[in-house]
Asks: 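First the structure, then my questions, so here it is.
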Amino acid sequence: MASAGAGAGPGRGRPVAPWLKQALELGPPLLFFVIYLRMQDRTYDILGTEYSGFIVAAAVFVPILLAATGTLWWLSGAISRMQVFTLVMVVFFGGLTVWFNDEAFFKMKTTLVYGFFCLLLSVGLLRGQSWLKPLMGEYLPMNDEGWMILTRRLALVFAAMAALNEVVWRTMSDRTWVIFETFGLPVALMAFLWFQIMALQRHMPQEDEGGPGAGTR
């Protein structure tokens, strides 16, 4: 599931154990994956309407994500705006999925989330600003040129992920999409960010190992 944890800096909330924070952020998508695997070949008659296992799994995912996000907010006192936006999208499109009994709404959610992130970063770029810096600057020290480069590249990656999600859900099986959504997109995004951190080292302050009199290069 599309998710972003940046935005709540260390000083804006109470500290939470890293393993617990990761469990609350990554647990709901993994639970959705497990629930879907158990339900994928079944249909369920609920109040006279027949629902596929996919739609029931999507419906169950909504309260799981609500509970996890609420717990994280209760423990830390802060959640990022991106997390709030993602939660709203999941609740809205999860509701549409059940209401219309159409799994397409839940699958399109990912396209719209990544598309929105791309649009948001692009608006900042058009204004000559990196709107990524206020979200991640406390975790990743870098000069303004580096932030502009990273923002341009990440906007393109979000656009590509949105487009790729459309191709996968429209042309492939439910099982393939669930695997792609749960593992493919997050792993690709983490790999991209890791590579960018390595590639943009020259834009980050580095301590000179020459001794007490040395400055930064």
Side-chain angles (χ1 to χ4, degrees), residues 1-7 24-73 79-123 154-190 192:
M1 307 299 138
S3 162
L24 291 171
E25 291 179 347
L26 302 179
L30 293 175
L31 281 174
F32 170 76
F33 177 72
V34 172
I35 292 168
Y36 167 75
L37 289 182
R38 294 182 64 88
M39 294 182 166
Q40 61 181 321
D41 297 323
R42 304 178 186 178
T43 57
Y44 299 83
D45 190 297
I46 302 175
L47 299 177
T49 301
E50 192 172 86
Y51 296 96
S52 69
F54 181 98
I55 290 179
V56 174
V60 172
F61 173 70
V62 172
I64 290 175
L65 184 62
L66 280 169
T69 305
T71 301
L72 181 60
W73 174 79
I79 55 175
S80 73
R81 286 165 288 186
M82 287 187 176
Q83 285 174 308
V84 172
F85 172 74
T86 301
L87 179 64
V88 170
M89 294 291 281
V90 168
V91 172
F92 180 70
F93 283 95
L96 290 180
T97 298
V98 176
W99 182 264
F100 291 103
N101 200 7
D102 188 347
E103 62 195 35
F105 289 104
F106 196 74
K107 295 175 180 177
M108 285 190 294
K109 161 192 60 64
T110 301
T111 301
L112 294 174
V113 168
Y114 285 124
F116 176 79
F117 291 160
C118 171
L119 177 63
L120 195 64
L121 295 182
S122 298
V123 170
L154 190 56
L156 291 173
V157 167
F158 281 145
M161 292 170 75
L164 188 56
N165 182 69
E166 282 295 295
V167 172
V168 172
W169 84 259
R170 291 180 184 275
T171 62
M172 300 185 184
S173 67
D174 287 349
R175 183 185 179 90
T176 299
W177 180 82
V178 170
I179 294 172
F180 168 77
E181 163 77 5
T182 306
F183 301 105
L185 288 177
V187 169
L189 183 58
M190 285 189 290
F192 166 80

Asks: Would you say the ring centers of Phe33 and Phe183 fall short of 6.0 Å from each other?
Replies: yes
Asks: Evaluate the side-chain proximity of Thr49 to Tyr51: yes if any heavy-atom separation is below 4.5 Å, no if none is.
Replies: yes
Asks: For a 4.5 angstrom cut-off between non-hydrogen side-chain atoms, does Trp177 reach Lys107?
Replies: yes
Asks: Other residues, nucleotides and ligands only: do more than 12 of their heavy atoms fall within 6.0 Å of CZ on Arg175?
Replies: no
Asks: Could you tell me if the side chain of Leu112 sits less than 4.5 Å from the side chain of Phe93, heavy atoms only?
Replies: yes
Asks: Give the intermediate values and the outcome of side chain to side chain contact (heavy atoms under 4.5 Å, CB included) for residues Val90 and Phe61.
Replies: CA-CA 9 Å; Val90 168; Phe61 173 70; 3.5 Å; yes
Asks: Once rounded to the nearest 0.5 Å, what's the spacing between atom CZ of Arg170 and atom OG1 of Thr111?
Replies: 7.5 Å
Asks: Measure the spacing between CG of Asp102 and OG of Ser52 and express it to the nearest 0.5 Å.
Replies: 9.5 Å
Asks: If I take atom CG from residue Asn101 and atom CD1 from residue Ile55, how far apart are they, to the nearest 0.5 angstrom?
Replies: 4.0 Å
Asks: When rounded to the nearest 0.5 angstrom, what is the spacing between CE in Met161 and CZ in Phe192?
Replies: 10.0 Å
Asks: Give the minimum heavy-atom separation between Val113 and Phe85, together with the two atoms involved.
Replies: CA-CE2, 4.1 Å
Asks: Using 0.5 Å steps for rounding, measure from the CE atom of Met82 to the CZ atom of Phe117.
Replies: 5.0 Å
Asks: Compare all side-chain heavy atoms of Glu25 with those of Thr69 and state whether any distance is below 4.5 angstrom.
Replies: no
Asks: Do you know the tightest heavy-atom contact between Ala59 and Val98?
Replies: CB-CG2, 3.6 Å
Asks: Side chain of Thr176, backbone of Met172: donor and acceptor closer than 3.5 Å?
Replies: no
Asks: Judged by atom type as modelled, is there a donor-acceptor pair below 3.5 Å linking the side chain of Glu166 to the main-chain atoms of Ala163?
Replies: no
Asks: Give, for atom CG of Asn165 and atom NZ of Lys109, the distance between the pair rounded to the nearest 0.5 Å.
Replies: 8.0 Å
Asks: Side chain to side chain donor-acceptor pair (under 3.5 Å) for Glu181 and Thr110? Distances and angles first, verdict last.
Replies: CA-CA 8 Å; Glu181 163 77 5; Thr110 301; 2.9 Å; yes
Asks: If we only count heavy atoms from C-beta on, is the Thr43 to Val56 side-chain gap below 4.5 Å?
Replies: no
Asks: Taking all atoms of both residues into account, what is the closest heavy-atom pair of Ala162 and Gly115, and its distance?
Replies: CB-N, 3.9 Å
Asks: With ring pair (Phe, Tyr, Trp, His ring centres under 6.0 Å) as the test, pick out the partner of Phe106 among Trp169, Phe32, Phe92.
Replies: Phe32
Asks: Kindly say whether the aromatic ring centers of Tyr114 and Phe158 come within a distance under 6.0 Å.
Replies: yes
Asks: Determine, stepwise, if the pair Leu65 / Val91 fulfils side chain to side chain contact (heavy atoms under 4.5 Å, CB included).
Replies: CA-CA 9 Å; Leu65 184 62; Val91 172; over 6 Å; no
Asks: Can you name the closest pair of heavy atoms from Leu72 and Gln83 and give their distance?
Replies: CD2-NE2, 3.6 Å
